[in-house]
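Computed over heavy atoms, backbone and side chain alike; hydrogens, waters and symmetry mates excluded. What you see is a predicted model; the values in this text were computed from it and never measured. Reminder, nothing fancy here: chain letters follow the sequence lines and each chain counts from 1.
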Protein chains: 2
Amino acid sequence: MRPGINATQTERIIQALERAGYQATPNRRLVAELVASADGHFTAAHLLDRGRRERVTIGRATVFRALDLLTTLRVVERLDLPSGSHAYVLCDPDEHHHHLICSSCGRSEDVADGELPALIERIGRRSGYRIEAHRLELFGTCPRCAGAEADR
Amino acid sequence: MRPGINATQTERIIQALERAGYQATPNRRLVAELVASADGHFTAAHLLDRGRRERVTIGRATVFRALDLLTTLRVVERLDLPSGSHAYVLCDPDEHHHHLICSSCGRSEDVADGELPALIERIGRRSGYRIEAHRLELFGTCPRCAGAEADR
DNA sequence: GGCCGAATGATACCAGGTCTCATTCGGTGC
DNA sequence: GCACCGAATGAGACCTGGTATCATTCGGCC
Ligand SMILES: [Mn+2]
Ligand SMILES: [Mn+2]
Ligand SMILES: [Zn+2]
Ligand SMILES: [Zn+2]
């Protein structure tokens with residue numbers, strides 16, 4: 001086990017795979033470790049890089065395939081950053097929520113859905129649309145980064 | 001002027017360009033026409049295609065540059081579809097709002113911001129983040145598509 | 001008409017994925 | 001332990017959406 005790896009999170013991810021009937025192969029375990037130890041959001045390229053630095057090789061397609069799997073299991077979620085690029089973030093699959101992302105350090109915070117469903121229900125009624133999915137993404141500066149900013 | 005083109009919308013887009021001090025060149029007028037006559041959301045490739053079908057040639061980079069401009073002027077907005085791909089949609093720049101997009105036909109409806117700011121303010125207070133931007137995207141089926149569905 | 005920055009097209013390039021296909025893995029039945 | 005067979009994998013081609021570079025052209029102004 002590599003240093004800095006959150007074993008509990010890793011286990012949680014692997015169990016999600018197994019519970020859904022997927023094999024917990026060495027490659028998927030590796031991706032789980034990399035994901036679990038990511039600080040904030042990350043890209044597939046980022047994981048690949050970190051793997052390579054530790055001299056573990058894994059195919060690019062395999063990483064994307066694993067991330068796809070984890071996405072459908074809602075263990076990770078894909079973010080659309082304001083820059084237009086995509087990133088993934090580790091996520092709690094148990095309840096629907098949204099993300100508050102620090103534009104400076106990339107760390108993110110889960111945000112409960114709160115009053116959003118009621119608001120959306122009203123929008124659906126007014127517009128006549130049958131609303132099937134929604135996404136709320138919040139971007140800002142986390143307290144830590146705001147502090148660092150103030151120090152300078 | 002081509003048939004099916006919404007001259008008023010086209011004019012509105014061109015005026016936005018001029019008001020911001022950009023030249024309303026023939027190419028930008030063309031993009032404005034294509035954008036104004038799009039039904040629902042569209043991609044750069046889609047505009048390029050439609051141009052080509054009417055035997056008007058315009059460089060790919062030029063279309064992207066025009067869309068960038070219109071995006072900064074908030075005349076169009078970029079959408080992140082659940083599929084992961086990007087699209088643009090014609091937009092009213094005058095007040096902050098969000099989009100309700102039909103997954104079936106691609107048409108979209110503007111949605112007022114409503115109670116969202118209050119909700120976001122609360123989230124910021126609870127989390128300590130300074131929230132600087134937000135995005136709400138709603139996906140569903142529009143009444144027209146729901147009707148067509150029911151007919152079958 | 002001449003000047004000069006803005007706009008343009010061609011083209012190369014890039015990131016982030018997806019697809020194909022031949023190979024390998026790994027869980028199951030024996 | 002071995003054979004079997006579908007699941008997983010890596011390599012590499014390919015694709016979409018977008019950006020960078022650079023030489024050319026345009027267009028508003030004197
Ligand atoms: Mn989350
Ligand atoms: Mn709009
Ligand atoms: Zn931060
Ligand atoms: Zn529709």
Side-chain angles (χ1 to χ4, degrees), chain A residues 13-35 38 41-52 55-73 76-89 106, chain B residues 13-14 16-35 38 41-52 55-73 75-89 106:
Chain A
I13 298 174
I14 289 168
Q15 273 167 25
L17 278 170
E18 290 178 332
R19 220 178 317 115
Y22 296 99
Q23 293 178 48
T25 64
N27 271 327
R28 288 180 182 160
R29 280 173 192 281
L30 172 61
V31 171
E33 287 186 6
L34 291 171
V35 166
H41 57 64
F42 54 88
T43 62
H46 183 176
L47 298 189
L48 234 29
D49 249 30
R50 283 183 40 222
R52 219 171 298 125
R55 301 176 208 306
V56 193
T57 58
I58 178 170
R60 208 167 79 98
T62 303
V63 169
F64 276 109
R65 286 191 281 237
L67 287 175
D68 269 2
L69 258 188
L70 296 182
T71 301
T72 63
L73 297 179
V76 308
E77 199 164 297
R78 223 173 64 155
L79 303 177
D80 296 291
L81 304 181
S83 68
S85 59
H86 290 157
Y88 300 84
V89 65
Chain B
I13 298 175
I14 289 168
L17 279 169
E18 289 178 332
R19 220 178 316 116
Y22 295 100
Q23 292 178 48
T25 65
N27 271 328
R28 289 180 180 160
R29 280 172 191 280
L30 172 60
V31 171
E33 286 185 7
L34 291 171
V35 166
H41 56 64
F42 54 89
T43 63
H46 183 175
L47 298 189
L48 234 26
D49 251 29
R50 283 183 41 223
R52 219 170 300 125
R55 307 183 201 303
V56 192
T57 58
I58 179 171
R60 208 168 78 99
T62 303
V63 170
F64 276 108
R65 287 190 281 236
L67 288 176
D68 269 4
L69 259 187
L70 297 182
T71 302
T72 64
L73 297 179
V75 166
V76 307
E77 198 164 297
R78 223 171 65 153
L79 301 178
D80 296 291
L81 303 181
S83 68
S85 58
H86 291 158
Y88 300 84
V89 65

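Remark: A:Asn27 is in phosphate contact with D:dG10, judged by side-chain N or O atoms under 4.0 Å from OP1 or OP2. Between B:Thr25 and C:dT8 there is a side-chain N or O to OP1 or OP2 distance below 4.0 Å. B:Tyr22 has no side-chain polar atom (N or O) that falls below the 4.0 Å cut-off from OP1 or OP2 of C:dG5. A sub-4.0 Å separation between OP1 or OP2 of C:dA6 and a side-chain N or O of B:Arg28 is absent. The phosphate of D:dG18 (OP1 or OP2) has a side-chain N or O of B:His86 nearer than 4.0 angstrom. Phosphate contact (OP1/OP2 of C:dG16, side-chain N/O of A:Tyr88, threshold under 4.0 Å): absent.
Between A:Phe42 and A:Leu67 the shortest side-chain heavy-atom distance falls below 4.5 Å. Side-chain contact between A:Leu30 and A:Thr25: absent, with no pair of heavy atoms (C-beta onward) separated by less than 4.5 Å.
The interatomic distance linking A:Gln23 (CD) with D:dC5 (C1') rounds to 12 Å, in whole Å. In this structure, A:Leu30 places its CG atom 16 Å from P of D:dA8, rounding to the nearest Å. If you take CG of B:Leu67 and P of C:dT8, they are 12 Å apart, rounded to a whole angstrom. The interatomic distance linking A:Arg29 (CZ) with C:dC25 (P) rounds to 17 Å, in whole Å. Taking atom CG on B:Asp80 and atom C1' on D:dG17, their separation rounds to 12 Å, with Å as the unit. When the P atom of D:dA7 is taken as reference, atom CG of A:Asp68 falls 17 Å away, rounded to whole Å. Computed from coordinates, the B:Ile58 CD1 to C:dA7 P distance equals 13 Å when rounded to whole Å. What separates CG of A:Leu47 from P of C:dG17 is a distance of 11 Å, to the nearest Å.
For A:Ala45, counting side-chain heavy atoms from C-beta on, the closest listed nucleotide (C:dG17, D:dT19, C:dG16) is C:dG16. In the set C:dT8, C:dG26, D:dT9, the nucleotide with an atom closest to the side chain of A:Thr62 is D:dT9.
At distances below 3.5 Å, not a single donor-acceptor pair connects side-chain atoms of B:Arg60 with backbone N or O atoms of B:Leu48.
In terms of position along DNA chain D, the nucleotide closest to A:Pro26 lies nearer the 5' end than the nucleotide closest to the other residue of the pair B:Phe64 and A:Pro26. Each of A:Arg65 and B:Arg60 lies near DNA chain C, and the nucleotide nearest B:Arg60 is the one positioned closer to the 5' end.
In this structure, A:His86 has its ring center closer than 6.0 angstrom to the ring center of B:His86.
Heavy atoms only, all atoms of each residue included: B:Leu73 and B:Ala20 are closest at CD2-CB, 3.5 Å.
Contact annotation for A:Ala61: base contact, defined as any heavy-atom pair under 4.0 Å involving a base atom.
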